[in-house]
Structures are given as C-alpha cells and as structure tokens.
Number of protein chains: 2
Amino acid sequence: MDTKILCLGALTMGAATGYEIRKICEEGPFAHFHASSFGSIYPALNKLLEEGLVVCTQHAQDGRPDKKVYALTEAGRAVFLEALSQPLAPDRRRSEYTFALFFGHMLEPGRVQELLDSYLKSFHTRAECIKGVDPSTFPPGQRFVFGFGQAMYHAAITYITSHRHLLEKEP
Amino acid sequence: MDTKILCLGALTMGAATGYEIRKICEEGPFAHFHASSFGSIYPALNKLLEEGLVVCTQHAQDGRPDKKVYALTEAGRAVFLEALSQPLAPDRRRSEYTFALFFGHMLEPGRVQELLDSYLKSFHTRAECIKGVDPSTFPPGQRFVFGFGQAMYHAAITYITSHRHLLEKEP
DNA sequence: ACCGGCATGTAACGGGTTACATGATTTT
DNA sequence: AAAATCATGTAACCCGTTACATGCCGGT
C-alpha cells in the first residue's frame with residue numbers, strides 16, 4: 001500500500017492537485033493513518049499518469065506553475081479497488097514518546113513531566129483537528145474512521161491523565 | 001530515534017544477543033511502538049560496538065554461530081540518555097486497515113466484514129500479548145506503557161464492536 | 001518588509017524490509 | 001518427516017523524508 005494507492009484513494013473523493021493531496025495527507029484525514037509528503041506524492045502522480053490510472057488537466061495561472069488537476073480514470077478506480085481487496089499489512093506504529101516513557105524511571109522528573117505534557121497536547125491537537133469536520137456529509141466509512149480516531153485520541157488522553165502519577169513522584 | 005538507540009534501550013534492561021533484541025522488537029514490548037527486524041538490528045549492534053557504546057562477549061556453541069552477548073558501556077548509557085533528552089518526533093501511524101475502512105462504502109459488504117473481523121482479531125491478539133506479563137516486577141515507566149497499550153487496544157475493540165453497524169448494512 | 005500559503009518538481013540521502021546464505025537441535 | 005527455534009550476518013532494493021530550486025500573491 002504505497003503512495004500511489006494513497007493518491008488513488010484521495011482522488012476517489014474528487015479531482016485534486018498534488019498540493020491538495022498533500023494537504024489531505026499531512027493535515028487532513030489521512031494524516032491520522034497514512035501521512036505522506038511532497039517528495040513521494042508528486043512522483044507517484046506522474047507514475048499514475050504514465051500508467052493511465054489518472055488523467056491530468058492543466059490550468060494556466062499567472063506567476064505560478066500551472067495547476068495540474070488530476071482525476072481518476074476507470075482503470076485507476078479498478079486498480080484502487082483491487083488493492084483494497086488484497087491482504088492488508090498489520091498496523092504499524094512508531095512512537096518515540098512511548099519509547100521514552102518506557103524508560104521514564106531513568107529520566108529526570110522534569111523531563112518526564114515535559115514529555116507527558118507535550119504528548120497530551122499532541123493528542124488534544126489531533127482530536128481537535130477531527131472535531132472540525134461535519135460528519136453528516138460523509139459516507140459511512142469516513143464517519144466510522146473519524147469516530148475511530150477520536151475514540152483512540154480520547155482513550156489516550158484519559159489514560160495518560162489518570163495514570164501519569166505512576167511516573168511522577170512528587171517531592 | 002533509529003535502530004541504534006533502540007538497541008541501547010533494549011540493553012539497559014540487561015545484556016542480550018541480537019537475536020534476543022529482535023524478539024523484544026517483534027514480539028516483546030517494543031513491538032507495540034517501535035518494531036524492528038534482523039536486517040537493521042545486527043548492523044546497528046556492530047556500529048555500536050565500533051563506537052564503543054556496547055561491548056561484546058563471545059560464547060562458543062557447537063553447531064551454531066557463536067552467541068554474541070552485548071552489554072551497555074557507560075558511554076552507551078550516556079548516549080542513550082542524551083537521545084531521550086532531545087526533541088522527539090511526533091507519533092507516526094500507518095494503518096492499511098483504517099485506510100481501507102475509510103473507503104468502506106466502495107467495498108463489497110463481505111469484504112468490509114472480513115476487514116472488521118480481522119482488525120478486531122489483531123487488537124485482541126495484541127492485548128493478549130500484553131496481558132501475559134506480570135506488571136509488578138517492572139519499573140513504573142514500563143508499567144505505564146503496558147497499561148497505555150492495553151488501554152488503546154481496549155478502546156479500539158470497544159469502538160469497532162459498537163460502531164461496526166455503521167459500515168454493515170444488513171440485507 | 002516579511003511570512004505564510006499557493007504550486008510544482010528533483011536529487012540526495014538515509015533507513016529499513018526482504019531475501020539470501022548456513023546449519024544444528026528440538027518440538028510436533 | 002517437517003517445521004519451528006536458535007543464531008548470525010550481508011546485499012539488494014524500495015521507499016520515503018529532507019533539502020533544494022523557483023516565484024507570486026495576500027495578509028500582518
């Protein structure tokens with residue numbers, strides 16, 4: 001499940017530019033489960049174009065590079081659906097925060113608090129980010145996933161708040 | 001926070017072979033937040049050895065490669081603690097399941113059920129895996145992290161179980 | 001005046017996974 | 001008899017991030 005499939009997925013929601021797809025991946029919904037950046041998105045779109053899985057209409061703009069709006073072709077949609085019917089890789093998570101907290105007893109108390117505070121803040125930020133969307137306009141899959149993300153962030157906040165004392169010994 | 005730091009962290013819990021470190025990373029505690037495999041662990045250990053951050057005592061075995069037991073040096077411990085005091089990267093998650101479910105309305109109902117079932121199963125398996133450890137023997141950081149993992153897996157199971165109907169329309 | 005947003009793309013670099021290579025012993 | 005476990009390591013490959021390159025427009 002690489003960046004190409006990611007782009008095809010983004011395009012099922014409507015035509016978009018590479019710039020817009022990057023926003024979906026870095027700030028929008030995909031940020032929560034499949035982040036991706038410029039360096040991989042632009043090349044992926046060009047490859048998809050070569051393969052005929054997307055088409056591109058160019059819109060001239062003054063003073064800026066042409067805006068290239070990509071849209072899914074029938075072949076592209078087929079490839080996307082095919083990819084979703086393949087066996088899926090298990091979830092992968094990489095958390096430097098969890099890693100550091102695992103060794104909390106070796107750190108200075110101030111550092112532990114710092115970590116807990118900024119970790120909590122990151123979950124709050126992400127939860128906020130989801131709250132901003134109006135769920136009624138989305139298909140059920142997307143509603144399910146947004147709710148899932150929110151549930152996870154909530155659970156993290158609740159756990160950290162109620163168990164941080166395990167790591168913080170007061171003086 | 002690369003594989004080298006990961007290995008140093010593993011070695012703070014006691015001397016170990018590359019093989020044992022891999023187990024910690026693929027089946028043990030680190031699997032939940034920082035998986036890593038042979039191909040990165042062995043080279044990392046060799047680099048650490050060159051840099052004097054670990055030492056290695058070789059134990060001859062018959063019929064097998066020598067067992068190389070690595071242990072942390074003072075310098076290694078210092079580098080590890082230094083790494084934990086650096087700014088940490090935000091959590092990164094990659095979930096093909098979530099991605100696929102996001103497009104649930106485009107999939108066959110059977111496939112959606114399949115996905116939900118195996119996703120649930122994966123969380124159950126992971127939660128089980130944590131339950132197997134006796135928390136009383138661990139330092140607070142590790143207890144905190146185990147509890148955190150369990151809380152997250154629980155939250156996932158609860159959410160999916162109670163919201164899967166959003167994606168499953170009965171006939 | 002300066003910063004952030006729009007808009008595209010390339011190149012270098014780093015990092016990790018996968019597969020390959022070897023082989024005995026224990027469990028099923 | 002086959003498969004899993006112990007035990008190490010290398011090499012090729014894939015992929016993605018980061019930095020670089022360019023440049024205008026609108027807001028502060």
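In what follows, chains are A, B, ... by sequence order, proteins preceding strands, each numbered from 1.
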Carboxylate-amine/guanidinium proximity below 4.0 Å for [X] and [Y]:
X         : Y         : value
Glu96(A)  : Arg92(B)  : no
Arg111(A) : Glu114(A) : yes
Arg164(A) : Asp117(A) : yes

Check your understanding: Atom CG of Leu53(B) and atom CG of Leu45(B): how far apart are they, to the nearest 0.5 Å?
Key -> 11.0 Å
Practice item. Answer yes or no on whether Arg22(A) is positioned over the face of Phe38(A), meaning its NZ or CZ is under 6.0 Å from the six-membered ring centre and within 45° of the axis. Key: yes
Point to revise | side-chain contact (heavy atoms from CB on, under 4.5 Å) involving Thr73(B) - partner list, sequence neighbours excluded | key: Val55(B), Ala75(B)
Exercise for review: Show the numbers, then the answer: is there a ring-ring contact (aromatic ring centres under 6.0 Å, His included) between Phe148(B) and His32(B)?
Suggested key: CA-CA 10 Å; Phe148(B) 184 54; His32(B) 303 284; over 10 Å; no
Point to revise | Rounded interatomic separation in angstrom, taking NZ from Lys47(B) and C1' from dG16(C) | key: 10 Å
Review point. Nearest-Å distance, CZ (Arg92(A)) to P (dT17(C))?
Key: 6 Å
Exercise for review: Please check the phosphate of dT18(C) (OP1 and OP2 only) for any side-chain N or O of Ser37(B) closer than 4.0 Å.
Suggested key: no
Point to revise | Transitive ILVMFWY side-chain link Met106(B) to Leu8(A), under 4.5 Å | key: yes
Practice item. If a pair satisfies side-chain hydrogen bond (donor to acceptor under 3.5 Å, both in side chains) and one of its residues is in residues 78-87 of chain B, list it, with sequence neighbours excluded. Key: none
Check your understanding: Does any residue of residues 21-32 of chain A have a heavy atom under 4.0 Å from DNA chain D, and if so, which ones, in number order?
Key -> none
Revision key, fill the gap. Under a 4.0 Å heavy-atom criterion, the protein footprint on nucleotides 8-15 of chain C, written with B, S and -, is BBB-----
Check your understanding: What residues form a ring pair (Phe, Tyr, Trp, His ring centres under 6.0 Å) with Phe33(B), not counting sequence neighbours?
Key -> Phe102(A), Phe30(B)
Study note, to complete from the structure: Rounded to 10°, the helix from dA1(C)-dT28(D) to dT28(C)-dA1(D) deviates from straight, judged by its five-pair end axes, by 50°
